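Numbering starts at 1 and runs along the sequence shown. Scope of the values below: all heavy atoms of this structure, side chains included, with no hydrogens, waters or symmetry mates. Keep in mind it's a predicted model, so treat the numbers as computed, not measured.
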Amino acid sequence: MRGTDETSGSLFSYVDLEDRIPAKHPLRKIRQIVNDALVSLNPEFDRLYSVDGRPSIAPERLIRASLIQILFSVRSERQLMEQMEYNLLFRWFVGLGIDDPVWVPTVFTKNRDRLLTTEMSRKFMAAILAHSEVKPLLSDEHFSVDGTLIKAWASMKSFQPKADTAPPDQADGPDDPPPSPPSDTAAPEPRQTEIEPMPRKTSRNRNAEADFRGQKRSNATHASVTDPQARLYKKSPGAGAILCFMGHTLMENRNGLIVQAEVTQTDGHAERKAALKMVNRHSPGSTRRLTLGADKGYDSADFISELRQMCVMPHIARKARHSAIDGRTIRHSGYALSQTRRKKIEEPFGWAKTVGSMGQTMLRGTERLGAQFTMTMAACNLARLPKLLAT
């Protein structure tokens, strides 16, 4: 029998929002771990907010909304607010009731940027890893490190000579008329009419074709007008140079969870400097014998010397020539195991660039990008926890 296509006229719903989420939905476990981590961060939130003034958006809701945006690849805050109007799953995860109003996108963005600094994102990741159910999954002795390029929100046309670069507030707008030549005599004022005619502006083409062939362009002589902290860099010999930043992660080798994240400007020494900083931050003053796996880009004598002084065994892939890794290191079975496990660090990079929208950032500067990159790596860990905890 064919059913009838009738519009329901029910005004009220008596089904609880909690009952609409499937019992085995992976977000249930993620939300439980996130809520427990946010409870441990209450003292940090109390220090950030004043006791006077108008109440802001709850920091717990800001963080949960940022996580749901990353986990579901929502490309902008405006689209996130639009989906929260009708998506009951999003409302349940963030903590909004069915009748609660959704925030204005600009208000949400301003409140989130004040809260989610790089330091706060690191504390949130540490709270996730310190959870009673997550901590047994981590290794405290064996780690891997690597870096990846994050394309900046700047085009090659914005990479201009430093001496001739105009400040952004002095750049001509897309609809600005061409500047008129100076005149000594003031022009007579036009006669006021009842309805002034609409002025016809002559727009300048700001996206004209450009040919950089034959020009020498380097970070020493050029800088991007759009994002001055972006640097021209290429990681492999066969690839083209792009304006980008460099994201670094420190991974534990037991289950491949990210324990530290860092964003720096691109540099030939940035990966090794960031690796030392992340190891020091994760295990400050450790006297235990740690191992650190990495690719050939980390095979440098000064870097390996620094690791040995920190009681870290460098399980680094050897270069074909002039390698700083001697036979005493590669003869152990743990070296081969570290070389196998270190390749798993590429999986969070791939997840962050496809699901987490880190292929090309829409943020400018290392501070804002560092907070977003760390939060994306924390979301990557959370996405894997339901399966890891189920085994």
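Note that the CG atom of D36 and the CD1 atom of I128 stand 8.5 Å from one another [nearest 0.5 Å]. Going from atom CG of L115 over to atom CZ of F124 covers 10.5 Å, rounded to the nearest 0.5 Å. Here the CD1 atom belonging to I325 is positioned 3.0 Å from the CD1 atom belonging to I304, to the nearest 0.5 angstrom. Interatomic distance, CZ of R364 versus OG1 of T226, reported as 5.5 Å (0.5 Å rounding).
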Give the C-alpha distance, both sets of side-chain angles, the deciding distance and a yes or no for side chain to side chain contact (heavy atoms under 4.5 Å, CB included) between F72 and V355.
CA-CA 7 Å; F72 284 84; V355 179; over 6 Å; no

Using the side chain to side chain donor-acceptor pair (under 3.5 Å) rule, take S50 and D52 through it: C-alpha gap first, then chi angles, then the decisive distance, then the call.
CA-CA 5 Å; S50 174; D52 302 326; 4.8 Å; no

Can you check side chain to side chain donor-acceptor pair (under 3.5 Å) on S144 and N253, steps first, answer last?
CA-CA 7 Å; S144 296; N253 286 353; 2.8 Å; yes

From CA spacing to verdict: side chain to side chain donor-acceptor pair (under 3.5 Å), H248, T264
CA-CA 8 Å; H248 316 269; T264 62; 2.7 Å; yes

For T118 and S121, what are the C-alpha separation, side-chain angles and deciding distance, and is it a side chain to side chain donor-acceptor pair (under 3.5 Å)?
CA-CA 5 Å; T118 303; S121 298; over 6 Å; no

Before you tell me yes or no, could you show the steps for M251 and R342 under side chain to side chain contact (heavy atoms under 4.5 Å, CB included), namely the whole-Å CA-CA distance, both residues' side-chain angles and the distance that decides it to 0.1 Å?
CA-CA 8 Å; M251 179 193 75; R342 72 169 178 82; 5.6 Å; no

Walk me through it: do R28 and E18 pass the test salt bridge (Lys or Arg N to Asp or Glu O under 4.0 Å)?
CA-CA 10 Å; R28 283 191 175 272; E18 186 75 20; 2.7 Å; yes

For the pair L27 and L71, evaluate side chain to side chain contact (heavy atoms under 4.5 Å, CB included) and give the outcome as yes or no after the intermediate values.
CA-CA 10 Å; L27 279 183; L71 291 171; 4.1 Å; yes

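Only one option out of E77, Q79, R75, R64 pairs with Q69 in a side-chain contact (heavy atoms from CB on, under 4.5 Å); it is E77. For the side-chain contact (heavy atoms from CB on, under 4.5 Å) criterion with L250, the lone passing option out of I258, V259, I345 is V259.
Contact record, A230 with A152: CB-CB, 3.7 Å, taken as the closest heavy-atom pair.
Clustering of Ile, Leu, Val, Met, Phe, Trp and Tyr side chains at separations under 4.5 Å leaves I242 isolated, with no partner residue.
Between R289 and E141, none of the side-chain N atoms (NZ, or NE/NH1/NH2) sits under 4.0 Å from a carboxylate O, so this pair counts as no salt bridge. No salt bridge links K343 with E346; every basic N to acidic carboxylate O contact stays at or beyond 4.0 Å.
With a 6.0 Å cutoff to the six-membered ring centre and a 45° limit on the axis angle, R112 does not count as a cation-pi contact of W103.
T266 and K234 form no side-chain donor-acceptor contact under 3.5 Å, judged by distance and modelled atom types alone. S218 and T221 share a donor-acceptor pair across their side chains, judged by distance under 3.5 Å alone.
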Result block: side-chain N/O donor-acceptor pairs under 3.5 angstrom for residues 368-379, not counting sequence neighbours:
{"unit_1": "R368", "atom_1": "NH2", "unit_2": "D113", "atom_2": "OD2", "d": "3.3"}
{"unit_1": "T374", "atom_1": "OG1", "unit_2": "G370", "atom_2": "O", "d": "2.8"}
{"unit_1": "T376", "atom_1": "OG1", "unit_2": "Q372", "atom_2": "O", "d": "2.7"}

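R78 CZ: 12 or fewer foreign heavy atoms inside a 6.0 Å radius.
Legend: salt bridge (Lys or Arg N to Asp or Glu O under 4.0 Å) pairs involving residues 270-279, not counting sequence neighbours, sorted by first then second residue: K235-E271, E262-K277.
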